[in-house]
Amino acid sequence: MKPTVYLETSFVGYLTARPARDVIVLANQQLTREWWERRREDFEMFASAAVRREAGAGNAEAARERLAVLEGIASLSVTDEAGRLAGAFLAEGALPEKAAEDALHVAIAATNGMDYLLTWNCKHIANATLRNLIEQVCRSNGYVTPTICTPAELF
């Protein structure tokens, strides 16, 4: 059985975005594309209705490209259980109130037993200073935290 990966919205955005002018972002976009080409077959991939909702927002053409990437990717439901865990992240300070959607992504991945959560959101998700709190909240609510990582770490 292949390890499971939850694709968070920022991953899809980096995969489909026009090349950035910032060299660091450009390098991360290229690395994302290489991961997609070389490694995606090694994992069973999942997204959620929350990812699809975010991917479908904004510029219509860009949204179509993001949603096209998600076609054929299994969808995880946004359950009451995930909502409660997301609320716990916010209530216990593991993530700030303004990161409610990010908390939901982590909660969906955790409540569905994902092995990995793949993201470029290093402000609120793949953030070393928040990771211990996220893990504590997951544990205290009976869940195992997926390994939260960027494509560079999962290569």
Are any of the side-chain heavy atoms of Met114 and Val5 separated by less than 4.5 Å? no
Expected output: side-chain Arg52 to main-chain Leu70 donor-acceptor under 3.5 Å: yes
State which residues pass ring-ring contact (aromatic ring centres under 6.0 Å, His included) with Tyr14; sequence neighbours excluded, sorted by chain then number. Trp120
Do Val51 and Leu7 have side-chain heavy atoms sitting under 4.5 Å apart? no
Less than 4.5 Å apart, side chain to side chain, heavy atoms only: is that true for Phe11 and Met45? no
Would you say the side-chain atoms of Asn141 pair up with the backbone N or O of Tyr143, donor to acceptor, closer than 3.5 Å? no
Path from Phe43 to Phe155 over hydrophobic side-chain contacts below 4.5 Å: yes
Polar side-chain atom of Lys2 near backbone of Glu41 as donor-acceptor pair, under 3.5 Å: yes
Are the side chains of Arg66 and Glu54 in contact, using a 4.5 Å heavy-atom criterion? no
Can you pull the ring pair (Phe, Tyr, Trp, His ring centres under 6.0 Å) pairs that have at least one residue in residues 84-106, sequence neighbours excluded? Tyr6-His105
Applying the 4.5 Å side-chain criterion to the ILVMFWY set and letting contacts propagate, would Ile125 and Val25 be lumped into a single cluster? yes
Minimum side-chain heavy-atom gap Tyr116-Leu154 below 4.5 Å: yes
Just wondering, do Leu118 and Cys149 contact through their side chains at under 4.5 Å, heavy atoms? yes
Should Leu133 and Glu92 count as side-chain neighbours, where that means a heavy-atom distance under 4.5 Å? no
